[in-house]
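Everything on this sheet refers to the single structure shown next.
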There are 2 protein chains.
Amino acid sequence: MKLSTKGKYGLYAMVYLAQHDGEGPQSLKAIAELGLPDPYLEQLLGSLRRAGLVKTVRGPQGGYQLSKPPQEITMRHIIEAMEGPLSLSECVVEPEHVCPRGSNCKARGVWGYLTDQINGLLDSITLTDMLKQEIKGEIIA
Amino acid sequence: MKLSTKGKYGLYAMVYLAQHDGEGPQSLKAIAELGLPDPYLEQLLGSLRRAGLVKTVRGPQGGYQLSKPPQEITMRHIIEAMEGPLSLSECVVEPEHVCPRGSNCKARGVWGYLTDQINGLLDSITLTDMLKQEIKGEIIA
DNA sequence: TTAATCCCGATTTTTTTAGTCAGGTATATT
DNA sequence: AATATACCTGACTAAAAAAATCGGGATTAA
């Protein structure tokens with residue numbers, strides 16, 4: 001179980017924007033200094049924009065910035081924008097999924113439970129928490 | 001963020017073995033009735049055996065069975081056997097990872113925190129819980 | 001008008017996942 | 001001992017997903 005680069009790069013970019021919140025638009029090139037391939041990063045920022053997490057300014061001095069305060073943006077928003085909803089098993093997410101294991105499959109409940117718990121975790125972490133390196137009063141550095 | 005079929009099939013197989021615990025070895029063919037391709041499943045059961053979660057009996061009437069009581073086998077044991085340790089980012093797992101973002105990368109702490117939390121969740125669910133469809137007193141069906 | 005900068009779709013490359021297969025080993029049964 | 005059942009192993013292949021690349025277009029400050 002691992003995270004794709006999409007999710008990681010997306011988060012790095014968002015942390016960068018949070019660190020420069022209020023300083024005006026940050027260019028793609030500036031963000032890519034984090035060590036990310038810029039044409040790829042451009043794609044990813046597109047996802048973040050379409051998800052409503054960043055807004056852009058075109059033209060010279062243009063760039064990307066957070067579309068709302070960092071304390072209102074959670075890890076879940078970001079990861080979900082980049083990778084789609086967390087799905088440990090299709091049967092939890094897809095409405096009319098037919099499972100070869102029938103209706104009394106014992107795994108199904110666990111997938112649902114875990115999905116909820118992990119989503120809850122992601123919901124509970126904001127960009128501000130990350131900058132402060134503190135979640136629910138706990139130092140995470 | 002999703003789980004591979006390895007993890008899923010591995011769990012299905014383990015649930016099956018838990019349901020038939022004490023009934024003697026269960027053949028590959030019997031387990032594959034869950035709807036899994038049997039030559040592939042065979043591979044996966046190999047991982048579970050090497051991880052010490054199942055033991056096998058060869059020859060006629062042979063098959064697979066749990067190597068310890070179902071309440072001692074957790075989701076984490078199973079998923080980890082199938083997919084290796086949970087790794088949201090290399091920097092958390094690999095000892096000498098050089099990160100282009102340097103030592104004050106704000107994401108690192110979060111990866112560590114999340115990794116611990118999710119591992120904790122997986123630790124807390126046993127095969128018995130799954131059969132009972134109940135985790136920490138909560139019905140999950 | 002120019003240059004900086006974002007936007008977008010198509011394409012390619014690489015990696016991982018998923019699955020197959022052939023031949024080998026152990027063992028209960030007769 | 002012979003046989004048939006069943007697990008074991010490693011190499012192989014195919015398909016899908018991830019990770020990027022690229023070329024050309026649109027917007028706008030200066």
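The chains referred to below are lettered A, B, ... by the order of the sequence lines, with proteins before strands, and numbering in each begins at 1. Since the model is a prediction, treat every value here as computed from it, not as a measurement.
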Handout entry: Five-pair end axes of the helix from C:dT1-D:dA30 to C:dT30-D:dA1 and the angle they enclose, rounded to 10°
Key =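 Comparing the first five pairs with the last five, the axes sit 10° apart.
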Handout entry: Neighbours of DNA chain C within residues 25-36 of chain B, by heavy-atom distance under 4.0 Å
Key =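 Under 4.0 Å from DNA chain C: no residue of residues 25-36 of chain B.
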Starting at [atom1] of [X] and ending at [atom2] of [N], how long is that distance when rounded to a whole Å?
{"X": "B:Leu44", "N": "D:dC8", "atom1": "CG", "atom2": "P", "result": "13 Å"}
{"X": "A:Leu48", "N": "C:dC6", "atom1": "CG", "atom2": "P", "result": "14 Å"}
{"X": "B:Glu42", "N": "D:dT5", "atom1": "CD", "atom2": "P", "result": "16 Å"}
{"X": "B:Asp38", "N": "C:dA18", "atom1": "CG", "atom2": "P", "result": "17 Å"}

Exercise for the section: Give every residue pair that meets the ring pair (Phe, Tyr, Trp, His ring centres under 6.0 Å) criterion with at least one member in residues 61-98 of chain B, sequence neighbours excluded. Expected result: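 Every candidate ring pair (Phe, Tyr, Trp, His ring centres under 6.0 Å) pair involving residues 61-98 of chain B fails, so no pair, neighbours aside, qualifies.
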Where at least one partner belongs to [range], residue pairs that pass salt bridge (Lys or Arg N to Asp or Glu O under 4.0 Å), sequence neighbours excluded:
{"range": "residues 33-44 of chain B", "result": "none"}
{"range": "residues 122-141 of chain B", "result": "B:Arg76-B:Asp123"}
{"range": "residues 108-120 of chain B", "result": "none"}

Practice task
Considering non-hydrogen atoms only, spot the tightest contact between B:Pro25 and B:Gln65 and give its length.
Solution key: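 In terms of heavy atoms, the two residues are closest at CG-NE2, 3.7 Å.
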From [X] [atom1] over to [Y] [atom2], what is the distance, rounded to the nearest 0.5 angstrom?
{"X": "B:Tyr113", "Y": "B:Ile118", "atom1": "OH", "atom2": "CD1", "answer": "10.5 Å"}
{"X": "A:Leu88", "Y": "A:Thr115", "atom1": "CG", "atom2": "OG1", "answer": "4.0 Å"}
{"X": "A:Ile73", "Y": "A:Thr128", "atom1": "CD1", "atom2": "OG1", "answer": "8.5 Å"}

Could you pull out every donor-acceptor pair under 3.5 Å between side chains of residues 52-60 of chain B and any protein atom, sequence neighbours left out?
none

Is there a side-chain contact between [X] and the phosphate of [N], meaning an N or O under 4.0 Å from OP1 or OP2?
{"X": "A:Arg50", "N": "C:dC6", "value": "no"}
{"X": "A:Thr56", "N": "C:dT5", "value": "no"}
{"X": "A:Arg49", "N": "C:dC7", "value": "yes"}

What pairs of nitrogen or oxygen atoms, one from the protein and one from nucleotides 12-20 of chain D, lie under 3.5 Å apart?
from   : atom 1 : to     : atom 2 : distance (Å)
D:dA19 : OP1    : A:Thr5 : N      : 3.2
D:dA19 : OP1    : A:Thr5 : OG1    : 3.4
D:dA19 : OP2    : A:Thr5 : N      : 3.3
D:dA19 : OP2    : A:Thr5 : OG1    : 3.0
D:dA19 : O5'    : A:Thr5 : OG1    : 3.3
D:dA20 : OP2    : A:Tyr9 : OH     : 3.2

Problem - Partners passing salt bridge (charged side-chain N to carboxylate O under 4.0 Å, His left out) against A:Glu90 (at least two apart in sequence or in another chain) - result: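 By the salt bridge (charged side-chain N to carboxylate O under 4.0 Å, His left out) rule, A:Glu90 matches B:Lys8.
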Exercise for the section: Return yes if some donor-acceptor pair links the side-chain N/O of A:Gln26 with the main-chain N/O of A:Gly24 below 3.5 Å, else return no. Expected result: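 Such a contact is found between A:Gln26 side chain and A:Gly24 backbone.
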Any N/O pairs under 3.5 Å between the protein and nucleotides 23-30 of chain C? List them or say none.
from   : atom 1 : to      : atom 2 : distance (Å)
C:dT25 : O2     : B:Arg58 : NH2    : 2.8
C:dA26 : O4'    : B:Arg58 : NE     : 3.4

Practice task
Mind checking ring-ring contact (aromatic ring centres under 6.0 Å, His included) for A:Tyr16 and listing every partner two or more places apart, or none if nothing turns up?
Solution key: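 For A:Tyr16 the ring-ring contact (aromatic ring centres under 6.0 Å, His included) partners, ignoring immediate neighbours, are A:His20.
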Handout entry: side-chain contact (heavy atoms from CB on, under 4.5 Å) against B:Ile79, all qualifying residues, sequence neighbours excluded
Key =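 If we apply the side-chain contact (heavy atoms from CB on, under 4.5 Å) test to B:Ile79, skipping adjacent residues, the hits are B:Leu3, B:Met75, B:Glu83.
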Exercise for the section: Describe the nucleic acid contact of A:Gly62 in one word from base, sugar-phosphate, nothing, applying a heavy-atom distance below 4.0 Å. Expected result: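 Sugar-phosphate, no base atom in range.
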